[in-house]
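Structure record follows, encoded as structure tokens.
The structure presented is a predicted model; accordingly, all values stated were derived computationally and were not measured. Worth knowing before you read on, the calculation uses all heavy atoms, side chains too, and leaves out hydrogens, waters and symmetry mates. Protein chains get the first letters and strands the later ones, always in sequence-line order, with residue 1 at the start of each.
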Number of protein chains: 2
Amino acid sequence: MKGKETRTRLDRETVLATAADLVKQHGPAALTMRKLAAELGTAVTSIYWHVGNRESLLDALVERTVADLGEIQPTGRTPARRAASVARALRRQLRAHPHLVAMVHERGLTDRMFLPAQQALAHEMYAAGLRGARAADAVRAVQVHVVGHVLVERNRERAPVQRPGEHQLWEARTAGQDPALARALARPLDAERLFTLSVRALVTGLLGAAGEVAAGLGDEVAAGGADGATGTDENATASGPGN
Amino acid sequence: MKGKETRTRLDRETVLATAADLVKQHGPAALTMRKLAAELGTAVTSIYWHVGNRESLLDALVERTVADLGEIQPTGRTPARRAASVARALRRQLRAHPHLVAMVHERGLTDRMFLPAQQALAHEMYAAGLRGARAADAVRAVQVHVVGHVLVERNRERAPVQRPGEHQLWEARTAGQDPALARALARPLDAERLFTLSVRALVTGLLGAAGEVAAGLGDEVAAGGADGATGTDENATASGPGN
DNA sequence: ACCTGAACACCGTTCAAGT
DNA sequence: ACCTGAACACCGTTCAAGT
């Protein structure tokens, strides 16, 4: 159970490695200096010599994880689709490291982490005809949407079963004018589908103004938004070979 | 400093009240049973008699805060604008109780908390011509966007100064084809403006498909998305009288 | 240069004992 | 019915002492 037995020398590298392991398995809250020491087979205080303290240990962990995130490779034939594909790729990266988003945010490393995605998005916004501050707004809107969506998703997964639950709530209430709507809201939510759908809508909305006016790709954009309900098809599995 | 001096009887009510006070001032992490006891002028263990334990104390706190959130009163002349106004009102509610979102999520009370907003949104989506599952998707997309945005905002505010900072990052990098875009991304982000703008785009995108096809209000929707940069004007201060 | 145990100041929670 | 102190099992961190 305790992992390493014949310990000769402790090492900043192995401290980080086993710490990363603990975080990956049980989350950052479960990473206590004492448990880590037990796992390493050393005294608690030895860890301090190599990594300073718990806080800088987590810093280093985050830094290293961010460093070897895969490249983001946009896919699709139009800027709108390519921007959406960047959003999906970003979400996939984040979900591959379940505790990363929260840790990164707490540590104020968000900007560095999202720079590759930001640049990819900026490129597509430019290609779609957005310029300057307007393009910057679009980039940031998508970025915040993705991070926010992943945070909400993660919380929803971690949370104990929703206490009243949309189910009962919507069943009990007067279903209003649209019983089909009430039934749909009572069904459990498919996060992946909702993400794909909302990103598409957001990008469409962001490009819409400039798109129709400036670049004449309004029809393409509208088509991208119109096939909504089909959800996850070919372009959901496309990603860079890096990850 | 210790607040109450002449303490006759402890009371679940006053325990909750002072606990709420501590959370409001220093966040939920700062609410320790021992500090709370000190503030109350009682033994730590007395608290346990009234509220069980720390976890159910926080549960009760959240429950009570959610209970007296104000009504959500949509404003605006079109469904798109009214839906966006619901999103803004929801954001305002959440920001009025800075620690609420995270606590609510951790406790799995999200559904109950957002039911009023959800119903208001559902109403507007129906008015905009969306039906059934499609309307449900739109409602949830907006809901997740708002919660996610607020979570990101909160984290950004709490976080220590972003370490590398978009500033330096974007200045250092090859600014690509659009130096104005790079400059805009180097500027600090105006969360309120970005929120207004992205919600508008999202709603436009969500209604776009059904709106143009079914209800013939595509021009109105497009106009709503096109006046983008002006941001927070009349309808930003509108809310129910409840809060 | 690296590792150790003892010690300090914190936590939440339980429990027998008081009134 | 309500409040108490002592005690337990945890934390992160410091520090003098070892090799």
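By the side-chain contact (heavy atoms from CB on, under 4.5 Å) test, A:A117 is found to be paired with A:I72, A:V86, A:L90, residues two or more places apart in sequence or in another chain being considered. In terms of the side-chain contact (heavy atoms from CB on, under 4.5 Å) criterion, A:A17 has no residue partners (sequence neighbours excluded). In this structure, A:F114 has no ring pair (Phe, Tyr, Trp, His ring centres under 6.0 Å) partners at least two apart in sequence or on a different chain. Legend: residues meeting side-chain contact (heavy atoms from CB on, under 4.5 Å) with A:R12, ordered by chain and number and at least two apart, are A:L16, A:H50, A:V51, A:A60. Every residue two or more places apart in sequence or in another chain that forms a side chain to side chain donor-acceptor pair (under 3.5 Å) with B:H123 is listed here: A:Q177. For A:A84, the side-chain contact (heavy atoms from CB on, under 4.5 Å) partners are A:R88, A:V199, not counting sequence neighbours. For the salt bridge (Lys or Arg N to Asp or Glu O under 4.0 Å) test, residues two or more places apart in sequence or in another chain that qualify with A:R95 are A:E153, A:E157.
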For nucleotides 8-10 of chain C, list the nitrogen or oxygen atoms of the protein found under 3.5 Å from its nitrogen or oxygen atoms, one pair per line.
none

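Comment: B:R107 does not engage B:E63 in a salt bridge, judged by the lack of any side-chain N to carboxylate O separation of less than 4.0 angstrom.
Residue B:S46 has a polar side-chain atom (N or O) positioned under 4.0 Å from OP1 or OP2 of D:dT4. In this model, the phosphate group of D:dC3 is not approached by any side-chain N or O of B:T45 to a distance below 4.0 Å at OP1 or OP2.
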What dot-bracket string describes DNA chain D from 5' to 3', counting Watson-Crick and G-U wobble pairs whose defining distances are under 3.5 Å, with [ ] for crossing pairs and | for pairs to another strand? ||.|||||...|||||.||

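The salt bridge (charged side-chain N to carboxylate O under 4.0 Å, His left out) pairs that include a residue from residues 116-125 of chain A are A:R82-A:E124, where partners are two or more places apart or lie in different chains.
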Can you give the donor-acceptor pairs under 3.5 Å from side chains of residues 19-37 of chain A to other protein atoms, not counting sequence neighbours?
from	atom 1	to	atom 2	distance (Å)
A:D21	OD2	A:Q25	NE2	3.3
A:T32	OG1	A:K35	N	3.0

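Non-hydrogen atoms lying under 4.0 Å from DNA chain C are contributed by A:W49, A:H50, all within residues 48-56 of chain A.
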